[in-house]
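Both backbone and side-chain heavy atoms feed into the values below; hydrogens, waters and symmetry mates do not.
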2 protein chains.
Amino acid sequence: MQTLSEENYLKAIWKLVENSGVAVSTNEIAASVQTSPASVTDMLKKLADKKLISYQRYRGVTLSAKGRSVAIEVVRKHRLWEVFLVQQLGFKWDEVHDIAEQLEHIRSNELTEKLDKYLGFPKTDPHGDPIPDKTGKISELHQIPLSKLEKGKKGIMTGVADHSTQFLQLLDKHGIHLGDSIEIKETTAYDLSIAIAVNKKKTIHISNSVSKNIMVSKNKS
Amino acid sequence: MQTLSEENYLKAIWKLVENSGVAVSTNEIAASVQTSPASVTDMLKKLADKKLISYQRYRGVTLSAKGRSVAIEVVRKHRLWEVFLVQQLGFKWDEVHDIAEQLEHIRSNELTEKLDKYLGFPKTDPHGDPIPDKTGKISELHQIPLSKLEKGKKGIMTGVADHSTQFLQLLDKHGIHLGDSIEIKETTAYDLSIAIAVNKKKTIHISNSVSKNIMVSKNKS
DNA sequence: TTTAATTTTTAGACAAGCCTAATTTATTTT
DNA sequence: AAAATAAATTAGGCTTGTCTAAAAATTAAA
């Protein structure tokens, strides 16, 4: 049984490892959980004692099988609750993160499974992130940033790399939503900004900092 | 903003005051939150500093207006989540307490209000306990223990005084549910046991320790 | 109304999680 | 390869919420 704090560390480490594929540093974890490096070192010792991570001083951290499964379970709950909040309760996609951060720590396997079933075993959360199944398996996404798509190519928007309220609201303002088809109409080498057609209708102009954070699944031509 | 532990103390004090109407003792609170009297004294000081309770050493405790409103908000959330767990997710009424104990601490007014609406603004939880409304108002129940009903009288079962899994499962086994009509068929002076007719059909015999914990709303004749 | 029993509080400790400041190890630069 | 820089760890402390044992206050009993 893990404490709330331990769960948050494991989740943070999982996300960092997931993105980089290599061992993560104390500083990275500290930035991720918003605490001091010294506090992270303390916690890493505890997690190592509990065999949840593999850790050697000054050498960085990776998750053990057990630690990974705890982390994935937390992520699973977070994303399921986000689906509940948006689909059932009518929250907007930029409003659910903080609430799901709390709900993800509710302890009851039966609750998680019943919620999953209630929601119809969703594959992704409201931001397009995959929801691990009960065994911890996570479906592959085959996404690339919109910024990597060449002129003339089309994709379906299936996710975001930036989950901040600010960014999500910006997409709302531009009328860009999960599932929309996006075609690259124009690219500008100077600032890497692009013009895109959304659902074959409105054409809008977005900067590279925006297109980097829009994830799309490739389509032919 | 209160800590999880503070919320649990306030809830416990509220329930004790609600039942007795008088100031509650350190020992009663200790029994209720399953801790030592010394720990309770420590916490009472903190709660008094925060003006959540009115407290003088050796003299017992009552809630301040602010403390009462925090406690009622926690109870409101607990009972709303119980409705969700039973009505939406299909939990049985004896399975939801521990999960609701966790969910009651989730912080988000918007979540509470949306959940309330989603559930159709229920008046009572799966055990018949009234759900405080958004302003903290709690509807009166007009219940009496089944043991106080005289021979020949009828009532509608509307609640339980004992919320334990054991007791709830016993009622299930007897086929006694919220909303059932109950008529006193026979009373036995010796052991205070009674024979009752449930929904005008099956007649069953129950002991006083059981009838004491079944709450009914009186009906004519 | 003094003594005995009970209740409550104080004293002193401890674990979890966090902090800052100082030190140690690793990495980069020259 | 030595010096400078950056990263990580240790040392020492703080708060919250808990504990046990001892002391004080209240209540009940003789």
Tell me: [atom1] of [X] to [atom2] of [N], nearest whole Å?
X: B:Gln2; N: D:dT16; atom1: CD; atom2: P; answer: 14 Å
X: B:Lys50; N: D:dT16; atom1: NZ; atom2: P; answer: 8 Å
X: A:Leu44; N: C:dA16; atom1: CG; atom2: P; answer: 15 Å
X: B:Gln34; N: D:dT18; atom1: CD; atom2: P; answer: 12 Å
X: A:Met43; N: C:dA16; atom1: CE; atom2: P; answer: 10 Å
X: A:Ile29; N: C:dC18; atom1: CD1; atom2: C1'; answer: 16 Å
X: B:Tyr9; N: D:dT16; atom1: OH; atom2: P; answer: 14 Å

Phosphate OP1/OP2 of [N]: any [X] side-chain N/O under 4.0 Å:
X: B:Thr3; N: D:dG17; result: yes
X: B:Ser25; N: C:dT7; result: no
X: B:Tyr58; N: D:dA23; result: no
X: A:Lys45; N: D:dT9; result: no
X: B:Ser5; N: D:dT16; result: no
X: A:Asn27; N: D:dA8; result: yes
X: B:Lys46; N: D:dG17; result: yes
X: A:Tyr55; N: D:dA8; result: no

Tell me whether the centres of the aromatic rings in B:His127 and B:His97 are closer together than 6.0 Å.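 Aromatic pair excluded; centres sit 6.0 Å or further apart.
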Is the ring centre of A:Phe84 less than 6.0 Å from the ring centre of B:Phe84?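 Judged by ring-centre distance (under 6.0 Å), A:Phe84 and B:Phe84 do meet the cut-off.
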Scan B:Glu104, B:Glu82, B:Glu113 and name whichever one has a salt bridge (Lys or Arg N to Asp or Glu O under 4.0 Å) with B:Arg76.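 When salt bridge (Lys or Arg N to Asp or Glu O under 4.0 Å) is applied between B:Arg76 and each of B:Glu104, B:Glu82, B:Glu113, only B:Glu113 qualifies.
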Between A:Thr35 and B:Gln56, who's closer to the 5' end of DNA chain C by nearest nucleotide?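 Result: B:Gln56.
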Out of D:dT10, C:dT9, C:dC18, which nucleotide sits closest to the side chain of A:Arg57?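 Among the listed nucleotides, the one closest to the side chain of A:Arg57 is D:dT10.
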Please determine, for the side chain of B:Thr26, which listed nucleotide (C:dT9, D:dT27, D:dA8) has the closest atom?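 Out of C:dT9, D:dT27, D:dA8, the nucleotide with an atom closest to B:Thr26's side chain is C:dT9.
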May I ask you to check whether A:Thr158 and A:Ser217 show a side-chain donor-acceptor distance below 3.5 Å?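 The answer is yes; a qualifying pair exists.
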Can you tell me if A:Asn8 and A:His105 form a side-chain donor-acceptor pair at under 3.5 Å?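 Yes, a side-chain donor-acceptor pair sits under 3.5 Å.
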So B:Glu18 and B:Arg68, salt bridge (Lys or Arg N to Asp or Glu O under 4.0 Å) or not? Walk me through it. CA-CA 10 Å; B:Glu18 205 66 358; B:Arg68 188 177 310 111; over 6 Å; no
Roughly what angle, to 10°, lies between the helix axis at the start of the helix from C:dT1-D:dA30 to C:dT30-D:dA1 and the one at its end, five pairs per end?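 If I round to tens, the end axes sit 10° apart.
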Lys/Arg-Asp/Glu bridge criterion (N-O < 4.0 Å) met for A:Lys11, A:Glu101: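 So A:Lys11 pairs with A:Glu101 through a salt bridge.
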Using a 4.0 Å heavy-atom cut-off, does [X] contact any base of the nucleic acid, only the sugar-phosphate backbone, or nothing at all?
X: A:Ser36; answer: base
X: B:Thr41; answer: base
X: A:Ser39; answer: base

May I have the step-by-step check of salt bridge (Lys or Arg N to Asp or Glu O under 4.0 Å) for B:Glu110 and B:Lys114, ending in yes or no? CA-CA 6 Å; B:Glu110 206 171 355; B:Lys114 286 196 147 133; 3.5 Å; yes
